[in-house]
> 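Have a look at the structure that comes next, please.
Ligands are counted one by one from 1 in listed order, and the atoms in each one are counted from 1 as well.
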Amino acid sequence: MRKFLPVVAAALGLAACSGVPADNATQPVSISFALTKDGQPAACGAPLGRLGSNKVAAKLRDARFYVQDVALIDAAGKATPVKLAVNEWQTGPVALLDFENGADGCVGGKPMNGVVTGAVPPGKYVGLSFAVGAPPALNHTSIEKAPAPLDSAAMNWSWQTGRKFMKVEVDPKGGVTKPDGTKAPTWFLHLGSTECSGNPATGEPASCKRSNRAPLSFPAFDPATQAVALDLGVLFGGSNLSKDQGAAVGCMSGPTDADCPPVFARLGLSLETGLPVVPGKAPAFSVVKKP
Ligand code: CA
């Protein structure tokens, strides 16, 4: 018991700092995320190196994504939901990861966030699961009225009446040539639920034909030493970033956009159904050593 006391004290201290209600029946959790390119840190202001199937020099413009339903997994495979702390990056079961700082060609603002914090019942956990997305009940809400981080105008997707779950934008050197021969500076990846109907503002539930939420599961994950990385080299590994094939420049989750299948495959999603190909697996996400 004497040996256990400092652990409890540490847990209480951390919990108090992170906004999680302090009580001795919880264990604090802090999960780190990283943005990488071929395993190296990727950020605004530094060249990404050669990116895409056409290996073009590129710069980061934006990189943010929502995660939902973060859970720790025990040795028996049971998932225990992490009760997220409430702060500017987290509300209910949703958190926003933000890897752009507004500097040097990046859009948006300075604050960044690479961590999800919360608490779980005390126990021994060996793995991690979460989904890229925001739950349906919170996705189709007004950004003016929703609490942070669901109030992010940058992640609002008005034409699909919801949020962009993921927004990754890169500027390839020389721009992106569109089918009509004109050029655009940016290749956009916007992931979110599509073909939604119903107006939640009038009390009508929204219903989407394609969910496009990507569930991820890592059976072996140690939050103390490891992080979850989204790797841009993998994500865009099948995409010619200098040439758009029609519809949105890049991929905005359009079911008929020929630029979508390669990035959807790397997010573990079927463009056709909006469902995971192999639930839990997305090549673009992996466990790495904590930066
Ligand atoms: Ca396109």
> Nearest N/O/S atom of Asp259 with respect to the Ca ion (ligand 1), by atom name, please.
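Answer by atom name: OD2.
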> Looking from the Ca ion (ligand 1), what is the angle between OD1 on Asp244 and OD2 on Asp257, to the nearest 10°?
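Rounded to 10°, it measures 160°.
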> Let me check your reading of the structure: within less than 3.0 Å of the Ca ion (ligand 1), is there an N/O/S atom from Gly246?
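Within the cut-off used here (under 3.0 Å), Gly246 does place an N, O or S atom near the Ca ion (ligand 1).
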> Can the ring centres of Phe65 and Phe285 be said to be less than 6.0 Å apart?
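Aromatic pair counts; centres sit under 6.0 Å.
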> Can you name the nearest heavy-atom pair linking Thr26 to Ala119, along with the distance?
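Reported closest heavy-atom pair: CB-CB, 3.8 Å.
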> Heavy atoms, side chains only, cut-off 4.5 Å: are Val116 and Trp89 in contact?
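Result no, sub-4.5 Å side-chain heavy-atom pair not found.
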> Confirm or rule out an N/O/S atom of Gly250, from backbone or side chain, lying less than 3.0 Å from the Ca ion (ligand 1).
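It does: Gly250 brings an N, O or S atom closer than 3.0 Å to the Ca ion (ligand 1).
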> Give a yes or no on whether the backbone of Asn139 and the side-chain of Arg163 come within a donor-acceptor separation of less than 3.5 Å.
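A pair under 3.5 Å: yes.
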> Applying a strict under-4.5 Å side-chain criterion to I, L, V, M, F, W and Y, I'd like to know whether Leu216 and Val234 cluster together.
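In one cluster: no.
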> Is Ala247 close enough to the Ca ion (ligand 1) that one of its N, O or S atoms comes in under 3.0 Å?
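So Ala247 does not bind the Ca ion (ligand 1) by this criterion.
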